[in-house]
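Working notes, structure below.
Below, read A as the first sequence line, B as the second, and so on, with proteins coming before strands; counting in each chain starts at 1. Note that this is a predicted model, so its numbers are computed, not measured.
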Amino acid sequence: MSEINTKVTIAGVELKNPVMTASGTFGSGMEYGQFVDLNKIGAVVTKGVSNVPWEGNPTPRVAEVYGGMLNAIGLQNPGVDVLCERDLPFLQRYDTRVVVNVCGKTTEDYVEVVERLGDEPVDLLEINVSCPNVKEGAIAFGQRAEALYEITKAVKAKAKQPIIMKLSPNVTDITEMAKAAEAAGADAVSLINTITGMKIDIHRRTFALANKTGGLSGPAIKPVAVRMVYQAAHAVKIPVIGMGGIASAADAIEFILAGASAVAVGAMNFHNPYTTEEIVQGIEAYMRKYGVTDLCELVGVVE
Amino acid sequence: MSEINTKVTIAGVELKNPVMTASGTFGSGMEYGQFVDLNKIGAVVTKGVSNVPWEGNPTPRVAEVYGGMLNAIGLQNPGVDVLCERDLPFLQRYDTRVVVNVCGKTTEDYVEVVERLGDEPVDLLEINVSCPNVKEGAIAFGQRAEALYEITKAVKAKAKQPIIMKLSPNVTDITEMAKAAEAAGADAVSLINTITGMKIDIHRRTFALANKTGGLSGPAIKPVAVRMVYQAAHAVKIPVIGMGGIASAADAIEFILAGASAVAVGAMNFHNPYTTEEIVQGIEAYMRKYGVTDLCELVGVVE
Amino acid sequence: MRKEMAVILSQTKIASGIYSMWIKTELAKEAGAGQFIAVYTKSDAMLLPRPISICEVDKAGGAIRIVYRIAGAGTAEFSGYTEGDTVSILGILGNGYDIDGISGGGNPSEKALILGGGIGIPPMLELVKEWTAINRECYSVLGYRDELFLDKEFEAYGSVYIATEDGSAGTKGNVLDAVRENHLRADVIFACGPMPMLRAVKQYSEQEGIRAYISLEERMACGVGACLGCVCKTTKKDSHSNVNNARICTDGPVFLAEEVDI
Amino acid sequence: MRKEMAVILSQTKIASGIYSMWIKTELAKEAGAGQFIAVYTKSDAMLLPRPISICEVDKAGGAIRIVYRIAGAGTAEFSGYTEGDTVSILGILGNGYDIDGISGGGNPSEKALILGGGIGIPPMLELVKEWTAINRECYSVLGYRDELFLDKEFEAYGSVYIATEDGSAGTKGNVLDAVRENHLRADVIFACGPMPMLRAVKQYSEQEGIRAYISLEERMACGVGACLGCVCKTTKKDSHSNVNNARICTDGPVFLAEEVDI
Ligand SMILES: Cc1cc2nc3c(=O)[nH]c(=O)nc-3n(C[C@H](O)[C@H](O)[C@H](O)COP(=O)(O)OP(=O)(O)OC[C@H]3O[C@@H](n4cnc5c(N)ncnc54)[C@H](O)[C@@H]3O)c2cc1C
Ligand SMILES: Cc1cc2nc3c(=O)[nH]c(=O)nc-3n(C[C@H](O)[C@H](O)[C@H](O)COP(=O)(O)OP(=O)(O)OC[C@H]3O[C@@H](n4cnc5c(N)ncnc54)[C@H](O)[C@@H]3O)c2cc1C
Ligand SMILES: Cc1cc2nc3c(=O)[nH]c(=O)nc-3n(C[C@H](O)[C@H](O)[C@H](O)COP(=O)(O)O)c2cc1C
Ligand SMILES: Cc1cc2nc3c(=O)[nH]c(=O)nc-3n(C[C@H](O)[C@H](O)[C@H](O)COP(=O)(O)O)c2cc1C
Ligand code: FES
Ligand code: FES
């Protein structure tokens, strides 16, 4: 049968296949590079990075819950300089796209990081306005359409690379947020970030996380993520990158059929470090089984 | 050791224990009465009832997802007259509290049902403004604080029984909704209703539900529910009834420690029809183990 | 009706992807043709039970036989069980075929046309057993895509006609093609199979003026009538729902064809 | 480092709630004292692996021993496995004890104080084996609440001192009470156990001017350094994080006591 084409294009950037890593779950690629061949996946998305190093939250930062986990890392990161000096050169050695996830407390913080990355070997910027685990910035920008619009505009004005706005699921109407991002010039949206959750240890009568609340991710959230991706994809014309509980090629395809042009694997890397590469193979197998030659034919076909 | 007191009081109504059934998952008590002794549980909450019979949505109405299920029943119900003639007399035979869950498309619909129930043997009314599966009414009232305020006021003005406003988790800020309900005179709030989700069958390339989207429930949503119950309990002074993924006494206690004065079991009745009664026993065992004599001492102690 | 832990007595693969399992359960006492059980998986990811029809009942031995096809993760899990394993089941569910009432009771001259299509065949085996046990006659007409299963077991209970989609055995076509080809006439029809077949049976029964009982399928959550997940449209207002919706799990799965709108 | 399916060679209960398991795995080749593996449950509800220390390594036989306490649903599940069952593991994880480097290399007169508390005792067994294998001496001091386990196995590798909280064996008190009571002195300390014990060891080592290596625990998600879930505070800026946080799973679990802020 004819060649299978798994290429997808996000904001003019061609990915060899739609499988990405979800920010914060794959380090800067180094750690899981021991398990998967980074050349085989569409893009590596790095952990959120800020203008200066961030310490993150106190521990415990992670807790297991039914079919998923909570995390309240609090965006610990070594700062954008270390990223540029250590992580980007490492990623450049691979034939994969590099997406840098950017976080900040103020609009200026975001802009500073984006400007610093302007001439670096970065293909796309993912702007994280949806982390539920830090007090300032982040999610505050991602839960009000006007705030999202403003920060998108500010970042877009300075960004040399196309920008992906990463949306929070902790909102009443995801379409409103996707539209605000699009209206402000975002090149793509990605969703979902984690859903705010809580776990209590009934024997010690304490919170499982030092931060009390944390972000829920893993298979438990998949139906919510698929729904939001579907809604967002029908609300905007820019590409949608889908994530939330993806564990298998079947899950990835579910997001693609719902309207995602690419997908990202998060928490399930922890369960099975080979997930990303296995999904690439599984998508090809699905395409062969159903005689689909171009992956793009599948994007958003379930309406 | 001394007697264990599991009694809780919601809006002046005393329940022998905090374990209720979640509306729509327990019929009108008859069906699961074959499995559990209805005299042993705190309250039976009936399926949402409207002024006239409702047909509900086309099938498939239910779909299994990882650690939970989606439903889009669409509030099929025989109408309030059948409830009064058939279901309430049945429930009256048991020594348990009767909570009637009320739905409608317009404010008038809700008020009509509430008035019709005024002289019936009903202990509490639960006003469902959060069903994601019907086009009109329901969730539309539950996703905007002003709309929630208005309908709460309207219903409260006519209700002879205390009213519980059942909140939707599909909102940016649950505390805003809980406060609106309280400000309008609600006697209690219950949460969470289901989270809107979607499942796609990748082989047939169709939605798993005829309604496309459905409400996610089951263990998958528990961390989100615990978080919202905690937030609501800290935002209002009226009692909070917690639900979402409760499968065991440990789960129920987690909600109680987070601030719930009572809890309800939904989808897990389908997995284990004995869940409610087992939870009553499990709560007592926990209290004995830790020497807690009055359940109320546990409500909201984790802060 | 209860949930209990049953023990697997035997498991055999009887065709590609199709398995036959005997399980030891107290529920056998209550079980009859057309009813079903709901079988729980052991996976924490799959919390809803799988409805599976009763294929045979051994009341004396306290055992039930189910025959199922691997359709997804749940049935795939079941197919891995072996003798001595345990399985959680909920039952007995559904109304079943009211053998005595159906045809006006005990008339030995009543003849039934028993139509089973694909994985709708298993429940018909207990039905032909119960039907012929009270000295009534029947024709069994079994429709398959290609590979046959259970057909030999029907032979002890009357004449058996086969239809296959690919024509590899019996009549090429569906069960109604076989009924027509063999000029089979009866006083009452019982049918279980895929929806297109049931629609054709309903139409046939109306044309021919023969009463037909059909067994429906729908996605289920509770299996006991509490969730209203599994409804079908009814022609008259259903007494429970007060609308034109009956619950397949409790008001069915067996319905008089004329009473449902499929 | 990889995820693989290992086969259980044996499982024994060695004290109440404490189990010893030998598993066959190719990873044994890479394993050393102080390192750990992450063990996956078979439940779809529990997706994160459980970190468990290496208690013994049989490089020739390609096997690893772990000793664990039932602390929740995951370890309860493990305790039900029997010979021949399979289990998914991720490893070998963590830095382990750098036996040669630690004390300036190969000086046969170096003496170690090996302190294990509770479920922190198992990793010390492989440590004493590796330590004494290069002809160095050590004292093992093992602290328990009440019931002893593994203590006899340490005796082959030097003198063993016991502390119990209830005084039912050895010194009444903790491991440091036993150290003091027996006037034990050494050139280097290795410790694993509950946080209060590790804090006390850190303090003791500073007072006495003896270098101490301690093994830390934290909730983990990835186990491979990618998620930043498992950090501990460090006294100097950590080279990876560029803040005062090191990852226990990769930069540890063994740290020089003076370098961490516990
Ligand atoms: C009353 C009744 C009797 C049945 N009797 C038999 C029988 O005797 N033999 C047999 O092989 N099959 C029978 N089925 C179909 C059987 O229930 C499904 O094949 C089975 O549930 C599939 O489960 P799975 O996990 O393998 O598939 P999945 O597709 O992974 O299941 C996902 C979910 O969908 C549900 N589901 C999937 N297919 C069906 C279906 N066709 N009907 C209802 N629910 C479905 C499952 O129960 C589960 O909740 C019967 C169905 C009904 C309603
Ligand atoms: C580096 C390291 C080495 C360890 N070595 C051993 C050992 O050799 N023997 C032993 O018995 N125990 C050891 N532990 C502790 C062991 O990991 C926990 O007891 C185990 O994870 C509990 O799992 P559970 O499902 O039974 O408990 P649950 O409480 O149900 O687990 C829920 C979640 O919390 C995590 N968790 C619970 N307790 C701990 C803990 N103390 N440390 C880290 N995560 C925890 C679990 O991994 C899981 O993700 C070690 C921990 C670490 C970090
Ligand atoms: C441990 C952890 C750390 C995360 N860190 C980030 C981050 O730095 N930036 C970000 O945008 N999202 C972060 N996320 C969110 C994920 O990228 C992803 O959106 C979310 O986990 C849902 O996908 P999943 O269910 O596949 O994990 C993090 C998630 C986890 C579990
Ligand atoms: C099949 C089904 C039907 C439901 N019907 C109603 C309803 O009529 N009214 C209502 O307020 N909530 C309804 N709910 C929501 C539940 O009462 C409950 O809020 C939700 O399922 C979360 O709890 P759980 O995770 O324990 O199921 C329904 C839920 C399910 C699964
Ligand atoms: S499956 Fe719940 S009513 Fe039939
Ligand atoms: S557990 Fe993920 S960094 Fe250590």
**Study point:** Atom group of B/Met268 that falls short of 4.5 Å from chain C, counting heavy atoms
**Key:** side chain
Exercise for review: Measure the spacing between CG of C/Leu47 and CZ of B/Phe270 and express it to the nearest 0.5 Å.
Suggested key: 11.5 Å
**Study point:** Results of side chain to side chain donor-acceptor pair (under 3.5 Å) for C/Glu258 - residues two or more places apart only
**Key:** none
Practice item. Would you indicate whether the side-chain heavy atoms of B/Phe35 and C/Leu90 approach each other to under 4.5 Å? Key: yes
Point to revise | Close approach to chain B in residues 221-230 of chain C, criterion heavy atom under 4.5 Å | key: C/Ala221, C/Cys222, C/Val224, C/Gly225, C/Ala226, C/Cys227, C/Leu228, C/Gly229
Every donor-acceptor pair from chain C to chain B under 3.5 Å, please, each on its own line.
from	atom 1	to	atom 2	distance (Å)
C/Lys3	N	B/Tyr274	OH	3.0
C/Lys3	NZ	B/His271	O	2.8
C/Tyr40	OH	B/Phe270	O	2.9
C/Tyr40	OH	B/His271	O	3.2
C/Ala45	O	B/Gly67	N	2.9
C/Leu47	N	B/Glu64	OE2	3.1
C/Leu47	O	B/His271	ND1	2.7
C/Leu48	N	B/Glu64	OE2	2.9
C/Arg50	NH1	B/Glu64	OE1	3.2
C/Arg50	NH1	B/Glu64	OE2	2.8
C/Arg50	NH2	B/Glu64	OE1	2.7
C/Glu218	OE1	B/Thr59	OG1	3.0
C/Ala226	O	B/Gly27	N	3.3
C/Leu228	O	B/Arg61	NH1	2.8
C/Lys233	NZ	B/Glu55	OE1	2.7
C/His240	O	B/Arg86	NH1	3.0
C/His240	O	B/Arg86	NH2	3.3
C/Asn242	ND2	B/Pro78	O	2.7
C/Asn245	ND2	B/Glu55	O	2.8
C/Asn245	ND2	B/Gln76	OE1	2.9
C/Arg247	NH1	B/Glu31	OE2	3.2

Practice item. Not counting sequence neighbours, which residues clear side chain to side chain contact (heavy atoms under 4.5 Å, CB included) with C/Glu126? List them please. Key: C/Ala33, C/Glu56, C/Val57, C/Lys129, C/Glu130
